[in-house]
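Order of listing sets the numbers, starting from 1, for every ligand and every atom in it. The residues of the chain are indexed from 1 along the displayed sequence.
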Amino acid sequence: MTLAEIESLLDKSFAEARAALAGAANPAALEAARVQFLGQKGFLQAAKKSVGQLASVDDKKKAGKLCNDRDRELQDVYQANLDRLAREARVAELAQRQDITLPGRRSRRGHRHPLSTTCDDILAVLQGLGFEPAEGPEVEHDFYNFEALNIPRDHPARDMQDTFYVDAGGAEVVLRTHTSPVQARAMLAAGKPPLRVSCFGRVYRKDDDPTHSPMFHQIEGLYVDQNVTFADLKGTLQLFAERIFAPGVRVRLRPSFFPFTEPSVEVDISCFACGGTGRGGNVAAEDGRCRLCKATGFIEIMGAGMVDPEVFKACKLDPDHVTGFAFGIGVERVAMLRYGISDIRLLYENDERFLAQFP
Ligand code: DAH
């Protein structure tokens with residue numbers, strides 16, 4: 001073949017090869033075109049073979065370059081179509097697997113735990129009354145947990161709250177049994193009245209039954225100033241009870257004992273299930289007795305009292321010049337009452353069937 005013949009061979013077949021490679025509508029057709037035009041028996045190979053037989057070096061160069069250019073162009077066309085067909089196959093496959101007419105999958109939204117909700121509500125009420133949030137450690141010195149609160153060593157008052165003792169190399173350290181140690185810390189830190197703090201946190205006891213857990217949560221309130229009276233305590237408790245439970249609930253104070261308050265009271269509220277009558281309501285037994293208050297008409301919700309002078313002394317305040325009140329609320333107990341939960345352990349198990357009931 002002469003150079004002219006090679007050129008005409010390339011020209012003649014190039015357009016046809018290009019159209020076949022670009023236009024193949026499926027992988028089989030594309031492969032057939034590749035074999036036909038780019039394969040060993042294709043026109044390109046034939047042309048390349050003829051290049052070697054050309055007499056002039058110049059012609060060889062020209063023809064060789066022409067062959068290579070055409071080859072590269074057609075390889076590109078082939079590769080582009082190969083990619084396009086693979087993409088189309090993938091899209092078709094996905095379309096078969098996905099039904100875009102199906103409704104979407106909703107992602108489920110979580111919500112606050114009933115204990116958190118209860119705690120937030122209580123702290124919001126206290127904050128509205130001017131109680132500033134305070135904090136203390138859960139692993140606490142015996143001094144703050146007991147001693148400063150007028151619970152001396154070897155005194156029977158210690159029996160009210162047994163707890164877990166921490167081996168701290170000789171130091172007397174316990175898992176705090178209540179949030180009351182924060183009272184002592186707050187008074188010592190402030191140094192002088194007025195002082196109005198609230199504290200939320202975990203506390204620990206050697207308890208474990210359907211209504212008591214070895215770990216639970218309390219909220220403490222402390223108000224110290226000149227001339228704070230028992231009437232202030234009562235007014236605060238009344239407002240608190242109405243905000244947290246229901247408007248119109250009545251507060252009843254029963255004489256009690258806590259080493260850190262004098263006088264001390266147990267705070268009851270009129271039963272919101274039976275309206276304080278002890279009978280009827282939505283949780284009444286078959287004989288009509290209210291199960292929530294055990295037919296007494298009242299439910300105990302917290303301990304409270306006027307800060308004991310001994311506590312002021314231990315906290316470097318002068319009991320002749322300051323007075324104060326304090327109270328301690330079990331958060332689990334309030335949550336159980338509000339939501340009608342009978343077993344405290346449900347609050348810690350994170351069973352979704354249970355939690356989903358408190359959106
Ligand atoms: N700390 C007490 C307890 O855990 C509750 C309590 C009672 C706290 C009376 C007080 C209080 O601040 O004045 O049982």
Side-chain angles (χ1 to χ4, degrees), residues 119 122-123 126 129 131-138 140 142-152 155-164 174-188 195-207 211-225 228-237 240-241 251-269 300-312 314-315 317 319 322-334 344:
C119 178
I122 295 175
L123 288 176
L126 292 180
L129 291 170
F131 288 81
E132 305 263 0
E135 274 184 58
E138 289 172 32
E140 181 60 287
D142 182 280
F143 172 76
Y144 294 106
N145 195 81
F146 292 126
E147 212 89 2
L149 298 174
N150 197 29
I151 311 175
H155 193 280
R158 290 237 168 172
D159 293 349
M160 288 173 79
Q161 299 179 358
D162 198 5
T163 182
F164 302 91
V174 299
L175 297 190
R176 70 179 174 192
T177 58
H178 47 187
T179 41
S180 303
V182 179
Q183 289 185 27
R185 286 178 172 274
M187 283 189 265
L188 283 164
L195 181 63
R196 203 159 15 181
V197 294
S198 61
C199 168
F200 157 77
R202 294 197 183 107
V203 301
Y204 303 83
R205 303 261 175 104
K206 269 179 101 175
D207 275 339
T211 54
H212 296 90
S213 153
M215 183 284 300
F216 60 104
H217 300 80
Q218 284 189 338
I219 289 176
E220 193 84 10
L222 172 71
Y223 178 26
V224 178
D225 202 349
V228 177
T229 69
F230 198 82
D232 295 323
L233 171 60
K234 238 185 127 172
T236 301
L237 295 174
F240 174 85
V251 170
R252 180 176 80 175
L253 303 182
R254 263 182 304 120
S256 183
F257 170 75
F258 297 102
F260 32 92
T261 43
E262 182 59 34
S264 302
V265 292
E266 257 353 305
V267 182
D268 298 340
I269 55 167
E300 183 185 319
I301 56 162
M302 65 171 118
M306 302 304 292
V307 178
D308 193 291
E310 290 301 320
V311 174
F312 281 139
C315 297
L317 293 177
V322 297
T323 54
F325 67 70
F327 52 88
I329 309 161
V331 183
E332 277 79 353
R333 173 145 179 84
V334 174
I344 195 169

**Ser180 and ligand 1 - part of the residue with a heavy-atom distance under 4.0 Å** = side chain
**Request:** Name the closest protein heavy atom to atom 5 (C) of ligand 1, giving the residue it belongs to and the distance to 0.1 Å.
**Result:** Gly328 CA, 4.1 Å
**Fill in**
Atoms of ligand 1 under 4.0 Å from any heavy atom of Gly305, numbered from 1 in the order shown, are 13 (O)
**Stepwise side chain to side chain contact (heavy atoms under 4.5 Å, CB included) check, Ile344 with Glu332** = CA-CA 7 Å; Ile344 195 169; Glu332 277 79 353; 3.7 Å; yes
**Complete:** Closest to atom 2 (C) of ligand 1 among protein heavy atoms sits Phe260 CZ, 3.7 Å
**Top protein contact for atom 4 (O) of ligand 1, by heavy-atom distance** = Arg205 NH2, 2.7 Å
**Request:** Spell out, as yes or no, whether a donor-acceptor pair under 3.5 Å connects the side chain of Arg196 to the backbone of Leu129.
**Result:** yes
**Request:** Using distance alone, determine whether Gln218 and ligand 1 share an N or O pair under 3.5 Å.
**Result:** yes
**Asked** Is any NZ, NE, NH1 or NH2 atom of the basic residue among Arg333 and Glu300 found under 4.0 Å from an Asp or Glu carboxylate oxygen of the other?
**Response** no
**Prompt:** Would you call the rings of Phe131 and Phe327 parallel, tilted or perpendicular, where under 30° means parallel and over 60° means perpendicular?
**Reply:** perpendicular
**Prompt:** Which is it for Phe312 and Met187 under the side chain to side chain contact (heavy atoms under 4.5 Å, CB included) test, yes or no, and what are the steps along the way?
**Reply:** CA-CA 8 Å; Phe312 281 139; Met187 283 189 265; 3.8 Å; yes
**Message:** Please determine whether any non-hydrogen atom of Met302 lies less than 4.0 Å from an atom of ligand 1.
**Reply:** no
**Distance from atom 12 (O) of ligand 1 to nearest protein heavy atom, with residue and atom** = Glu220 OE2, 2.6 Å
**Request:** Determine whether any heavy atom of Phe325 lies closer than 4.0 Å to an atom of ligand 1.
**Result:** no
**Fill in**
ligand 1 to Thr261, heavy atom cutoff 4.0 Å, flagged ligand atoms 13 (O)
**Asked** With distance as the sole criterion, is a donor-acceptor pair present between the side chains of Asp225 and Thr323 under 3.5 Å?
**Response** no
**Asked** Would the Phe216 and His178 ring centres measure less than 6.0 Å apart?
**Response** no
**Prompt:** Can you find an N or O of Gly221 that's nearer than 3.5 Å to an N or O of ligand 1?
**Reply:** no
**Message:** Using heavy atoms and a 4.0 Å limit, tell me yes or no: is Glu266 in contact with ligand 1?
**Reply:** no
**Request:** Could you tell me which atoms of ligand 1, counted from 1 in the order shown, lie closer than 4.0 angstrom to a heavy atom of Gln161?
**Result:** 3 (C), 4 (O), 14 (O)
**Prompt:** Can you find a heavy atom in the side chain of Val265 that is under 4.5 Å from one in the side chain of Arg252?
**Reply:** no
**Asked** When Arg185 is tested against each of Glu220, Glu140, Glu135 for salt bridge (charged side-chain N to carboxylate O under 4.0 Å, His left out), which residue passes?
**Response** Glu140
